[in-house]
Amino acid sequence: MFSENLHFFEKLSIFLIETKIPHEKIKFLKNTISLKGGFIVTNPSTADVILTILKSPARISRYIGSETRKPIVSIEWVDKCVSKGARIEFVDYLIRGIEEDAMDWTTVEEEEEDQDLFDEDSNSSSSRSPIYTSENEHSDDGRDVDLDPRFLNTSYECLRPTPLKPKFNAKLVELLEVIERAREVNDQWRNALSYRRAIAVLKSYPRDIISHKEIKKIRGIGSKIGYQIESYLRTGTITEAEHILQDKRFHTLELFASIFGVGFKTALSWYRKGYRTIEDCKNHPNLTKAQQLGLQLFDDLREKTLPQNSPFSKRRMSREDVEEIYNIIKENVKKLDPGCVLQPVGGYRRGKELNGDLDLIISHPDEERVPSLLNDVITTLTEGGYIKNLLYRARSESRTGIIDHLEKCFVAFLQPSTQIKRQVDFIIATQSQFASALVGWTGSRQYERSLRRYAKREKKMVFASHGLFTNTKPRILIPTSTEREIFDILGVPWLEPEMRNC
DNA sequence: CGGCATACG
DNA sequence: CGTAT
DNA sequence: GCCG
């Protein structure tokens with residue numbers, strides 16, 4: 001996936017034992033093999049390699065007869081090749097090598113034969129293979145488990161509570177988030193979106209997933225992600241995610257895309273030019289204004305962490321850091337105009353311990369005061385020595401003087417106690433815009449997406465962070481004054497900000 | 001097989 | 001193309 | 001990558 005060599009199965013003939021492999025997975029395997037230049041044969045004796053999910057040698061021998069000279073390999077080998085983007089050695093995936101003595105087989109044969117009779121159709125728990133065991137007890141016993149009745153099986157995340165840290169399925173969520181990020185840096189936002197929806201499901205699911213039959217009933221988890229989860233239940237990990245974490249290209253792309261002013265497409269294009277370090281990026285000829293700033297402030301906004309985790313991570317603020325900055329701003333703004341109303345939003349409001357920035361809505365009961373508010377706030381804080389750089393500014397002055405969207409400004413704010421420049425996002429809202437700004441800027445991103453999709457598809461309304469509208473032309477504003485009122489009109493349940501972490 | 005959130009610089 | 005939730 |  002991260003390297004370019006296709007056709008890594010070129011001219012490889014493969015005999016696939018389809019037994020016990022989920023239907024979707026069979027399609028995926030056949031598709032992958034032919035896509036990569038290999039081909040499926042129907043006779044094991046003409047195959048270079050035999051693929052199976054089965055573990056019992058006795059069972060396997062039923063499908064390959066007396067053919068004992070061919071390597072028999074777990075289908076996970078194919079997954080490994082796909083994630084590596086290359087044909088890798090199958091030594092680690094051999095179920096039976098070509099050298100092995102057939103005698104060892106017959107010993108296990110009898111006890112396993114009997115089990116096979118029960119295995120055939122069944123929901124009974126199957127014996128565990130050595131290659132599938134791990135230190136943790138992961139149980140995918142294949143039982144037909146009903147979904148937990150407390151779980152709302154909807155494709156709209158905004159209809160069910162999602163905590164910041166999942167009580168269950170935490171490791172699985174972590175692994176899927178790795179794949180989500182990999183899809184993002186590879187500019188596959190639709191795939192990333194699917195992973196995000198699946199992650200949101202697992203974060204809100206009220207117990208650990210224990211069976212792959214349970215998974216498939218959940219809206220948002222289909223065959224591919226379902227298979228990843230199934231594999232996780234067997235092995236305790238997801239090979240693709242483990243691979244991504246080893247992949248230097250992935251980490252470099254994440255690093256580049258973490259520069260302010262550099263998105264996934266630019267990160268990819270720079271990588272293709274051969275850039276590998278921040279220094280390389282600084283030498284790029286046509287840097288935009290934003291990118292120049294982003295590179296200049298990179299060490300402030302970012303920090304190298306322990307090489308065990310991803311080698312670079314955002315220099316995040318504790319809640320105390322955020323509060324320190326918030327109190328300074330509040331003091332200065334109140335001094336400027338006591339009528340101002342300040343409301344921290346974003347991840348901080350959702351309860352995050354570590355925050356990449358501070359998002360702050362500033363409002364004022366007097367609509368006349370609002371248009372000049374941002375300038376005054378910026379000026380005061382700049383003169384106070386706090387604001388060191390302006391990163392981005394959206395003005396909202398229309399000819400008629402009517403503000404139809406939110407004025408906002410992102411700045412680099414010098415935190416006194418640490419002397420680190422922190423990103424602060426100011427959002428200006430009139431009183432009539434305040435409620436929607438609150439909903440719109442509290443997030444999470446996925447919560448916003450689902451709320452907006454729900455509003456449009458189920459209620460024929462359009463929600464934006466400056467207001468709720470009818471989905472007509474022209475759009476008609478539906479006045480709202482509180483968060484709860486917006487939820488009521490949309491018919492979505494009230495969720496505490498801490499439960500909007502999808 | 002189209003749609004996937006919405007807005008602004 | 002980039003920014004934000 | 002998943003759904004309607």
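Predicted, not measured: the structure shown is a model, and the values here were computed from it.
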Under 4.0 Å between any heavy atoms, over every strand shown, what does Val345(A) touch: base, sugar-phosphate, or nothing? Just pick one. nothing
If you find the nucleotide of DNA chain B closest to Glu448(A) and the one closest to Tyr392(A), which residue's nucleotide is nearer the 5' end? Glu448(A)
Side-chain N,O (Arg475(A)) to OP1/OP2 (dA7(B)) below 4.0 Å: yes
Nucleotide dC2(D), atom P - distance to CG of Asn153(A) in whole Å: 14 Å
What is the nucleic acid contact for Phe410(A), judged by heavy atoms within less than 4.0 Å: base, sugar-phosphate only, or nothing? sugar-phosphate
Evaluation steps, side chain to side chain donor-acceptor pair (under 3.5 Å), between Arg475(A) and Thr472(A): CA-CA 5 Å; Arg475(A) 291 175 177 179; Thr472(A) 54; over 6 Å; no
Using a 4.0 Å heavy-atom cut-off, does Ile221(A) contact any base of the nucleic acid, only the sugar-phosphate backbone, or nothing at all? sugar-phosphate
Say we look at dA7(B) and dG1(D): how far apart would their P atoms be, to the nearest angstrom? 29 Å
Taking the side chain of Ser194(A) as its heavy atoms from C-beta onward, which of dG1(D), dA4(C), dT6(B) lies nearest to it? dG1(D)
Rounded to whole Å, CD1 of Ile486(A) lies from C1' of dT5(C) at a distance of 14 Å
Cation-pi between Arg500(A) and Trp494(A): NZ/CZ under 6.0 Å from ring centre and within 45° of the ring axis? yes
Identify whether any heavy atom of Phe426(A) sits under 4.0 Å from a base atom; if not, whether one sits that close to sugar-phosphate; answer base, sugar-phosphate or nothing. nothing
Salt-bridge present (Arg196(A), Glu177(A); N to O < 4.0 Å): yes
Could Arg276(A) and Tyr271(A) be counted as a cation-pi pair, given that NZ or CZ must be under 6.0 Å from the ring centre and within 45° of the axis? yes
Below 4.0 angstrom from OP1 or OP2 of dG4(D), is there any side-chain N or O of Arg219(A)? yes
Nearest listed nucleotide, side chain of Val462(A), among dC2(D), dA4(C), dT6(B): dT6(B)
From dG1(D), dG2(C), dA5(B), pick the nucleotide closest to the side chain of Lys265(A)? dG2(C)
For Leu176(A), answer base if it contacts any base atom (sugar-phosphate contacts may also be present), sugar-phosphate if it contacts only those atoms, and nothing otherwise; contact means non-hydrogen atoms under 4.0 Å. nothing
Report yes if at least one side-chain N or O of Thr266(A) is closer than 4.0 Å to OP1 or OP2 of dG2(C); otherwise report no. yes
Atom CG of Leu468(A) to atom P of dA7(B): distance rounded to whole Å? 12 Å
Quick note, Ile225(A) side chain, CB onward, closest among dC2(D), dA4(C), dG9(B) is dC2(D)
Quick one, Ile489(A) and Ile478(A) - any side-chain contact, counting heavy atoms below 4.5 Å? yes
Rounded to whole angstrom units, what separation is found between the CD atom of Glu157(A) and the C1' atom of dC3(D)? 12 Å
If you look at every strand shown and take non-hydrogen atoms under 4.0 Å, does Arg350(A) touch a base, only sugar-phosphate, or nothing? sugar-phosphate
Ile329(A) pairs by side-chain contact (heavy atoms from CB on, under 4.5 Å) with which of Leu342(A), Thr380(A), Ile387(A)? Leu342(A)
Is Gln291(A) close enough to dC1(C) that one of its side-chain N or O atoms is under 4.0 Å from OP1 or OP2 there? no
Would you tell me if any nitrogen or oxygen in the side chain of His405(A) comes within less than 4.0 Å of OP1 or OP2 on dA7(B)? no
Can you identify which nucleotide, out of dT3(C), dG1(D), dG9(B), has its nearest atom closest to the Arg190(A) side chain? dG1(D)
Is Arg445(A) near enough to dA5(B) that one of its side-chain N or O atoms lies under 4.0 angstrom from OP1 or OP2? no
Between dG1(D) atom C1' and Gln188(A) atom CD, what is the distance in whole Å? 10 Å
In this structure, how many angstroms lie between the P atom of dA4(C) and the CZ atom of Arg349(A), rounded? 20 Å
Reckon Ile259(A) touches a base, only the sugar-phosphate, or nothing at all at heavy-atom distances under 4.0 Å? sugar-phosphate
At under 4.0 Å, does any side-chain N or O of Lys456(A) touch on OP1 or OP2 of dT6(B)? yes
Contact under 4.0 Å: Arg449(A) side-chain N or O vs dA5(B) OP1/OP2: yes
To the side chain of Ala394(A), which of dA4(C), dC8(B), dG1(D) is closest? dC8(B)
Check: Cys502(A) main-chain N/O paired with Ser444(A) side-chain donor or acceptor under 3.5 Å: yes
Just how far, in rounded Å, is P of dG2(B) from CG of Leu193(A)? 18 Å
So Thr442(A), base contact, sugar-phosphate only, or nothing? Heavy-atom distance under 4.0 Å. sugar-phosphate
